[in-house]
Every structure is written in C-alpha cells, then in structure tokens.
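As the structure is a computational prediction, the values presented were derived from the model and not from experiment. Along the sequence shown, residues carry numbers from 1.
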Amino acid sequence: MSDLSRIRNIGISAHIDSGKTTLSERILFYTGKIHAIHEVRGKDGVGAKMDSMDLEREKGITIQSAATYTTWGNYNINLIDTPGHVDFTVEVERSLRVLDGAVLVLCSVSGVQSQSITVDRQMRRYGVPRLAFINKVDRQGANPDRVAEQLKEKLGHNPAFVTYPIGLEDKLEGVIDLIAMEAVYFRGEAGEDVEREPIPAHLVERANQLRHRLIEVAADYDDALMEKFLMDEAVDNDELVAAIRKGTLSMQMTPVFCGSAFKNKGVQLLLDGIGKFLPAPYDITNEALDIDNNEEKVILESATDKPLVMLAFKLEEGRYGQLTYMRVYQGTASKGDSIVNIATGKKIKVPRLVRMHAAEMHEIESASAGDIVAMFGVDCATGDTFTDGTVNLSMTSMFVPEPVIELAVAPKDKAGLSNFSKALNRFTKEDPTFRVTRDEESNETIIKGMGELHLDIYIERIKREYNTEIVVGRPKVAFRETISRRAEFNYTHKKQTGGSGQFGRVGGFIEPLPSDAVETYEFVDDIVGGVIPREFIPACDKGFKEAIQEGSLIGQKVVGVRVTINDGATHPVDSSEQAFKTASIMAFRESYEKAKPIILEPIMKLEVSAPEEFQGTVIGQINQRRGLIIGTENDMNYVTVEAEVPLSEMFGYSTDLRSITQGKGEFSMEFKKYTPIPKNIQEEMVQEHQKKRAEGR
C-alpha cells in the first residue's frame, strides 16, 4: 500500500433518496473502477454496483453498507456507501466508527432532512470530519444557497462553498471552482472530459463574493491567511487549501461542493476535495483501552512497525463462508500471521486477505495501518478487537440503539426449521440491532428490530436466501417498564433442607435514574463493615440484573433504575453466591411494587412532507394517532410537518398517508425517546397481561 498520507477512508452518508448510491457509482466510474454507469433503479436491470443485493436493486434503496476501494490521482480511497433509511442506522454507526472522514450528501431541493440530522449526529459522535455535497442541482426547485443556510441553522455547521453551480435546474451547465476561480464544464458522453474556462461574465461578481466568504471562513484556522484577509491582500491558492483542510479536520468548517451526480456534473471536483481536505489515517486520534492496565486509554499510532491492532466492524455471510471486514489501526497483518481475538482469547492464523469492491474480491498479501480489508474464516462478533498477541488492547465499541419493534415468526413447515435457525443465527451475528428471543409463555420465536422495514427485509431475505417460507405474527411494540419513586427493600432468603441450607439478607433501596442518564441500570455498593462479604457483592448485582429483565406490570424489561445496597447479613455456613443472588431477585420484586411502576412506550420522531393542500388532513391524522406536532415548514408549495408520535399508533401509516395525499405524501420516522404511557392505556395493558398469564397457567 502506498504512503499513509495518501489514504482516505471515507463514507458517503445522507437522508434516503439524496442520491448517495448514484454518487458512489459516479465516483467508481470516474476513478476507472467500473467502465459503465448503471442507475439505482436502472431500466437495464443491472442496478448500481454498490447495491449488490437483489432486494436493494428491487427497492432502489441501500440496505447494507458496501465497501470498495479505488484511486484518484495519487490518492487511495476506501469508500463505504451507507444506507439512508433510519431502520438500517446501525450500518451507518458501524461504518462511521471505522472511517476517518465522510461526505454528507444533501438534496438541493429537500435540503437538510430528518435523516441528515441523524447522520450528522452520528458523525459528531465519532468525531468524523466531513465535506458536504449538495446534489441534484439540476432538479426543479433546486436552491443550494438555502441548503447551505440550513446546514448552518439546523446542523450548526460553518459551511463555505468551494464549488458553485453555473445555472440551476435544467439550465445547469457546470460549476465554478472558487479556489482556482475557473468555470469547470463536464463534457463527453458521461461527463468524463473536464474542461476549464473563464467564469461567465454574469457570474463573476457572485463568484468573487463566494470566494471572499470562503477565505473569511478558512482564515480562522490560519494566522497568515487571516492577516492577508484583513489587509485585503491576494491569497495564494495553496495557502487557502491548507487553511480549509485545517478547518475541516477540526470539524469547525464544512467545505460545500455542488453538482448533479445523475447528470455527471461536479463529481470530479468533489473527488479532488476528498484528497485535499479529508483526513489521512494519522490525522485522526484513535484510542484503545489497555485491559492489563485498568482499561486505561492508549492512543494508537498509524504506524506499520507497531503491534497490530484491528477492529472487526462488519460481518457478512459470503459465498465462501463468513466474511469479516477489518479496519487496521496500527501495525501490519499478513497472510499466515497469528492474530488473537481479545474478546475470546482465541488465536487464529490470518487466512485469505482480500480488498473488497462491492461484491467482488481482490486478493492481497498484507494490510497495514489505515487499511480496510476483509478476511475469511475468522470466527468473531461485530466489534471484536484483534491484535498480534503482544498487547492486550480493546477498541471501544460502537453505539448500538435498542430495538423498538418485535414480531413473532415461525417457519411454515417443520422441514424449514434448520434453515430458519441458520438464518436467524447469521443475521444476529451480522446486525447488532436485530435480536432474537424466545417467549417462554407462548413458546414463540420473537425477532426485534428498528422498524417495520428492517424486519420486513430480514423476513424477505430468509425466504430468498434460505428458501424458507415464514409465518409472521402481528408487529408488536417493545414497551419498557420503570419506577416513578424510591422504595426500600430488606429481604432475607432462608432455605433449610437436609445438609447445608441457604442464607442471605440484602437491604437497601431502588430509585429512578435521572432522565438524562445514558445507562438504564446502575448498581451502587454502599456496604460498610463487611455485613455482606466482598465476594458476594457481584452475586447481588447479578441478581438485580436478572430481576430487571422482567417487570411485573406487563413482563417487559425494567429500565432507568438505580439499586443501592447498604445493609445485609450473612451466615458462616449457609451463605453462598446463589443465596445472595436469589435474595437480590426477591428484594427487587418486593420493592418494585412499592416504587409505583409505570409502562414506557417508544415515541418516534416523524417527519411528513406533502403538497400544501393536504396540510390540514395530514395534521388531523397525526393528532388522531396521539401525535404531538412540533413544527411545520412551508416551502415550494410543500409542507413539512415534524411531530412526535407513539410507535404503537404508527402501524399502517404509510397506506393511510398515501390515500389522503393521493400518493404524493412521504414520511420518515426514527426512534426519539421512551415516555410514560397514558394511565387508561396502562390499566388495559396490565389487565390483558394478567389475563394472558392466568390462561397460560
């Protein structure tokens, strides 16, 4: 692999339908990676290169993040095209976790949409510097200036145009390069011939204003440039590029590129920008935890001669078995080397090493710091860290959101049982937000996920990839339980049978966690004077953890609870870990009733956009579904309504919205928070749960 300063690990992220996959397709074409362009919903039936799943091609959406590598000039680019649909948000999380930079794609008509906000939040979570690409400037209603304004207002960015369109909508001719101050045209059958000419006379003044603004923003990151700016002196282009790069890497500035991927305009300049402004692997600080040293943070160096550290960030079942995508952070891994999985302690030999190009593989001999590669025959889970065995370091894991919807599923006939189990095993390994549990009472297999589309796709994949017909129950919402006040407990567990008995007493209290707490359970050990011996404390924690798995109201998981133990008693012979674990389970159940438990329901952030004439009916329909309107925005004869709505009220919404807007309305929805359910609904749910349990007996 070439020089580290020439490697760019980047992702392309955006709201659904902003043109990410089309943009990735153009990038591959212009960098010579593919020799023909295929559209996402192409009439040729081929589909975009990066959408390698049949389902992706049919639905015209990206489901799995696809990885590829390519070169542009003397830059090596590892590119990941991520899904825009909120149900596949974990694909974006896992990609951003291992990427150094990103391109945020925005539609020049729709601007900053709900999923753009989510993606931006994820980029901030992992400290990923980004460029913005305002796409679709050839569409009717295109307004890049408004989109740049929204970047500032809605996302808190500091945007500055680096390229600007020459003409809009069907008059789009090319773009102005505001660094070189030239007009750039994309000629030839697929825009592959880039020609530079003087800026058209009627746009010179606008170009000067925009360059002035670009220098003003970039000058904040370079003192020499700031001095020139204040003195109104001419600015050297190399100085300007260096300052923009500094601003971008500090995440204090967002360079904005414009164009139309579909119309083959502006993509090559974005590729130049990826090389000039986005980070090399060593520009980003990557940390690992030293397991031998109390999980102290260690900064990894992007050096090939340091001990190997790499992270498995994505698993995929390929034609030749499990394919594991790895990001190498430090050191070098070569074919035949021994590597250790830190999570399991297992040692394995590096089998085949490949560089991925969507669904194709290119064999390589070794991979070093900064590379993104894939391996076969590695048994691991998403998020496992691998080293060469000389260091005991673990990378911090990525954020995995909790599933909010569940379905009972079963194979149609007994013959499909083995394939059904294989499919579920594989999908849970690949996707941390896809969970499978067994309902002990009804003996059903329950799958849980991020939304209806998420689970629909997996059911469809079981049918296609495993040739197994599935019977599906009604979708159910993943409710939670919590407590609304503090309650004491003091429970003694005594059991006397022949031989040694069991004895353990735990005392303390449970209380609600603050609403902004990140964790859903906290255990506080306030035992003094050894009334419970140290070796039994973890058993108490285990008991409480087990008890919160099932609340007594509707049998759902209990969240938002802090358990404090401050008293207890022990017996010299009869006390054991088991006795204290049982005492803790019973203590929790005893105090739970007194702590005024309540049911929580998932609330979704809903964004609906429809022609203005349907505004009243759209809002009326949201109100009927117990929705709370947060705001409305009117633009270009369209209205966008933002609301918070309980997930339980949203089933069948897409059909209803289509029928009241004559098929012109569209919506996106993502999980926002859990809130208490209305009292009357809680009472109904508790009665129903008790009735079910009575029947189950």
Under-4.0 Å salt bridge between D236 and K228: no
For the residue pair [X] and [Y], what are the closest heavy atoms and their distance?
X    : Y    : result
Y30  : W72  : O-CZ3, 3.4 Å
A333 : L353 : O-CD1, 3.6 Å
A219 : F229 : CB-CB, 4.4 Å
G188 : D193 : CA-OD2, 3.6 Å
M395 : E287 : CE-O, 3.8 Å
L214 : A160 : CD1-CB, 3.8 Å

K265 vs D138, salt bridge (Lys or Arg N to Asp or Glu O under 4.0 Å): CA-CA, chis, key distance, verdict: CA-CA 9 Å; K265 288 181 170 52; D138 59 308; over 6 Å; no
Kindly compute the distance separating [atom1] ([X]) from [atom2] ([Y]), expressed to the nearest 0.5 Å.
X    : Y    : atom1 : atom2 : result
S302 : N286 : OG    : CG    : 6.5 Å
M375 : T324 : CE    : OG1   : 8.5 Å
M226 : Y221 : CE    : OH    : 9.5 Å
L308 : S338 : CG    : OG    : 11.0 Å
T390 : K306 : OG1   : NZ    : 11.0 Å
F257 : L271 : CZ    : CG    : 9.5 Å

Around atom [atom1] of [X], are there more than 12 heavy atoms of other residues, nucleotides or ligands at under 6.0 Å?
X    : atom1 : value
E195 : CD    : yes
E189 : CD    : no
K346 : NZ    : no

Side-chain donor or acceptor of [X] paired with backbone N/O of [Y] under 3.5 Å:
X    : Y    : value
D222 : L225 : yes
T163 : C258 : yes
N158 : V217 : no
R435 : T428 : no
E182 : R196 : no
R8   : L278 : yes
Q268 : G191 : yes

Evaluation steps, side chain to side chain contact (heavy atoms under 4.5 Å, CB included), between R26 and F262: CA-CA 8 Å; R26 297 306 186 270; F262 185 60; 3.9 Å; yes
Full working for side chain to side chain contact (heavy atoms under 4.5 Å, CB included) between I342 and D384: CA-CA 7 Å; I342 295 298; D384 284 357; over 6 Å; no
In the structure I gave you, are the side-chain heavy atoms of [X] and [Y] within less than 4.5 Å of one another anywhere?
X    : Y    : answer
I7   : L4   : yes
N9   : V98  : no
T254 : L104 : no
V373 : M310 : no
L300 : L393 : yes
N341 : V378 : no
D220 : Q252 : no
Q330 : V391 : no

Does [X] qualify as a cation-pi partner of [Y], given the criterion of NZ or CZ under 6.0 Å from the six-membered ring centre and within 45 degrees of its axis?
X    : Y    : result
R327 : Y325 : no
R355 : Y69  : yes
R245 : F277 : no

Residue from N78, L79, I27 passing side-chain contact (heavy atoms from CB on, under 4.5 Å) with I10: L79
Derivation of the side chain to side chain contact (heavy atoms under 4.5 Å, CB included) call for V112 and D120: CA-CA 10 Å; V112 172; D120 185 67; over 6 Å; no
Between S368 and T304, a side-chain donor and acceptor under 3.5 Å: no
Chi angles and distances behind the side chain to side chain contact (heavy atoms under 4.5 Å, CB included) call for L240, R211: CA-CA 10 Å; L240 180 54; R211 181 178 164 90; 3.8 Å; yes
